[in-house]
Number of protein chains: 2
Amino acid sequence: MATTYAIGKLAKLTDTKVPTIRYYEQVGLLPAPERNAGNQRRYREVHLQKLRFIRHSRQLGFGLEEIASLLALQESQADSGEVQRIARNHLDEVRDKVARLNKLEQALSQLVSCCGSGQPHDCQILSVLADHNLCQHEHEGR
Amino acid sequence: MATTYAIGKLAKLTDTKVPTIRYYEQVGLLPAPERNAGNQRRYREVHLQKLRFIRHSRQLGFGLEEIASLLALQESQADSGEVQRIARNHLDEVRDKVARLNKLEQALSQLVSCCGSGQPHDCQILSVLADHNLCQHEHEGR
DNA sequence: CTTGAAGCTCTAGCGACTAGAGCTTTTACA
DNA sequence: TGTAAAAGCTCTAGTCGCTAGAGCTTCAAG
């Protein structure tokens, strides 16, 4: 019979915490494995591979729903167009976020630089926070 | 008697949703205002100013706990050194995040660019996601 | 055969809101 | 003054992706 892995083993192999693996099962991302006589999960190769896929996708910032779609597309051998669409869409979001964070970084460094490090004479940070007009930057939501 | 604002008015003046204002009160960020005969909140200038401070700080990415500290420091007239420490610390975190997102953007654009836009012949995205070794990038947690 | 590690389920918490149900009060207009 | 819509109220639950803990059972090694 084929090799099986206990949940702790799978956790080590994929650098995932045990409760996280159970969580993925709970939300339907990782299929429920068989259980042994004592009700413990016994995983197979297929689970290991799916879990690696999930973890790599997470490291790349994909959300669990996106990952679910990607896994389904992998299964279905269907059009790679949809895969590309998801990936590009995610990339766009990341680029947006980078742009927003860069603006934020600008605004913050100006805020912080307004008073030299040692001087105790009153610093402007609180005033700028209190009054947006003292701040040269537009900010966005999200 | 001094002007007061209903919650909806305050919301408009500060571009904040009404439930968000109530939430700030609930977590102790914004002091509970007096109530009128019909139990409705009636805010004063001081609330308006605190709320503006909170919102501007949020736009700059400060967390509610940091904002609570900043408000307390504003109140106490205490050392601006602590204010600077909080702001610099936040700036450091933002810079970290920018760096991480930039790496992510790198990895993702490579992932996406592996197959030209129109061609249907099988694209590599799924394979890379399934096997981190096919990916040139290290990824971090967080 | 014992003991300690690993497994199990279930519930709650994080941060910063947001949405909705089901009510009461205020406001504007006829 | 009557009425209806808008705005207010409280309370609960949901978002996302986990993480922590309680209190139990099962497994593996010596």
Side-chain angles (χ1 to χ4, degrees), chain A residues 4-30 32-43 47 51 53-71 90 93-94 97 100 104 139-142, chain B residues 4-30 32-43 47 51 53-71 90 93-94 97 100 104 139-142:
Chain A
T4 64
Y5 309 94
I7 197 169
K9 193 74 203 298
L10 203 69
K12 257 168 211 149
L13 287 172
T14 58
D15 196 25
T16 307
K17 291 185 182 162
V18 167
T20 303
I21 297 177
R22 289 196 278 246
Y23 171 74
Y24 289 157
E25 177 181 326
Q26 190 188 306
V27 299
L29 204 53
L30 193 62
E34 286 172 22
R35 304 290 182 113
N36 71 357
N39 197 36
Q40 302 194 347
R41 291 167 178 84
R42 292 297 174 248
Y43 295 95
H47 299 104
L51 185 49
F53 185 103
I54 293 168
R55 296 304 283 174
H56 194 198
S57 304
R58 284 295 295 133
Q59 289 181 315
L60 288 166
F62 289 95
L64 297 192
E65 284 215 21
E66 290 169 320
I67 296 174
S69 306
L70 291 170
L71 280 169
H90 178 51
E93 285 170 9
V94 169
K97 199 179 272 183
R100 274 187 278 107
L104 187 54
H139 316 293
E140 315 159 38
R142 225 41 4 251
Chain B
T4 63
Y5 309 95
I7 197 168
K9 193 78 203 297
L10 203 68
K12 256 168 212 149
L13 288 172
T14 59
D15 197 25
T16 307
K17 292 187 181 159
V18 167
T20 302
I21 297 177
R22 290 195 279 244
Y23 170 74
Y24 289 157
E25 177 182 326
Q26 189 187 306
V27 300
L29 204 52
L30 194 62
E34 286 171 21
R35 303 290 183 115
N36 72 355
N39 196 36
Q40 300 194 349
R41 292 167 178 84
R42 290 298 173 248
Y43 295 95
H47 298 104
L51 185 50
F53 184 103
I54 293 167
R55 295 304 283 176
H56 194 198
S57 304
R58 284 294 295 130
Q59 289 182 315
L60 288 166
F62 289 94
L64 297 192
E65 283 215 21
E66 289 169 321
I67 297 174
S69 306
L70 291 169
L71 280 169
H90 178 53
E93 284 170 9
V94 169
K97 202 179 271 186
R100 271 185 281 107
L104 187 54
H139 316 294
E140 315 160 38
R142 233 25 21 241

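What you see is a predicted model, and the numbers here were worked out from it, not measured in a lab.
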Practice task
Mark up nucleotides 23-30 of chain D, 5' to 3', with B wherever a protein heavy atom is under 4.0 angstrom from a base atom, S wherever such an atom reaches only the sugar-phosphate, and - elsewhere.
Solution key: ---SS---
Practice task
May I ask you to verify if any side-chain N or O of Y24(A) is less than 4.0 angstrom from the OP1 or OP2 atom of dC18(D)?
Solution key: yes
Fill in the blank from the handout: Closest non-hydrogen atoms of Y43(A) and P33(A), given as atom of the first, atom of the second and distance, are CE2-CG, 3.4 Å
Practice task
Check every atom of dG7(C), dA19(C), dG15(C) against the side chain of E65(B) and return the nucleotide holding the closest atom.
Solution key: dG15(C)
Problem - Pairwise distance CG(L70(A)) to NE2(H90(A)) - rounded to 0.5 angstrom - result: 10.0 Å
Exercise for the section: Choose from dT18(C), dG7(C), dT19(D) the nucleotide whose nearest atom is closest to any side-chain atom of P19(A). Expected result: dT19(D)
Exercise for the section: Compare all side-chain heavy atoms of R41(B) with those of E25(B) and state whether any distance is below 4.5 angstrom. Expected result: yes
Fill in the blank from the handout: Whole-Å distance, Q26(B) CD to dT10(D) P, equals 10 Å
Handout entry: Under-4.0 Å side-chain N/O to phosphate OP1/OP2 contact, T20(A) with dG17(D)
Key = no
Practice task
Output the distance between atom OG1 (T20(B)) and atom CG (L29(B)), rounded to the nearest 0.5 Å.
Solution key: 11.5 Å
Problem - Length of the CD1-C1' vector between I7(B) and dT25(C), whole Å - result: 14 Å
Could you tabulate the donor-acceptor pairs under 3.5 Å formed by side-chain atoms of residues 54-67 of chain B, not counting sequence neighbours?
from	atom 1	to	atom 2	distance (Å)
R55(B)	NE	T16(B)	OG1	3.1
R55(B)	NH1	Y24(B)	OH	2.8
H56(B)	ND1	V128(A)	O	3.0
H56(B)	ND1	L129(A)	O	3.3
H56(B)	NE2	H139(A)	NE2	2.9
S57(B)	OG	F53(B)	O	2.8
R58(B)	NH1	F62(B)	O	2.7
E66(B)	OE1	G63(B)	N	2.8

Handout entry: R22(A) side chain near dC8(C) phosphate (N/O to OP1/OP2, under 4.0 Å)
Key = yes
Fill in the blank from the handout: Contacts of Y43(B) and R58(A) projected onto DNA chain D by closest heavy atom; the upstream (5') one is Y43(B)
Completion exercise
When rounded to whole Å, the CG to P distance for the pair L29(A) and dC16(D) reads 13 Å
Handout entry: Length of the CG-P vector between L51(A) and dC18(D), whole Å
Key = 11 Å
Problem - Residue R35(A), side-chain heavy atoms: nucleotide from dA16(C), dG17(D), dT9(C) that is nearest - result: dT9(C)
Practice task
Round to a whole Å and report the spacing from CD of E25(A) to P of dC10(C).
Solution key: 12 Å
Practice task
Report yes if a side-chain nitrogen or oxygen of R41(A) is closer than 4.0 Å to either non-bridging phosphate oxygen (OP1 or OP2) of dC8(C); otherwise report no.
Solution key: yes
Problem - Student check: side-chain heavy atoms of Q40(A) and I7(A) closer than 4.5 Å - result: no
Fill in the blank from the handout: With sequence neighbours left out, the residues meeting side-chain hydrogen bond (donor to acceptor under 3.5 Å, both in side chains) with Y5(B) are E45(B)
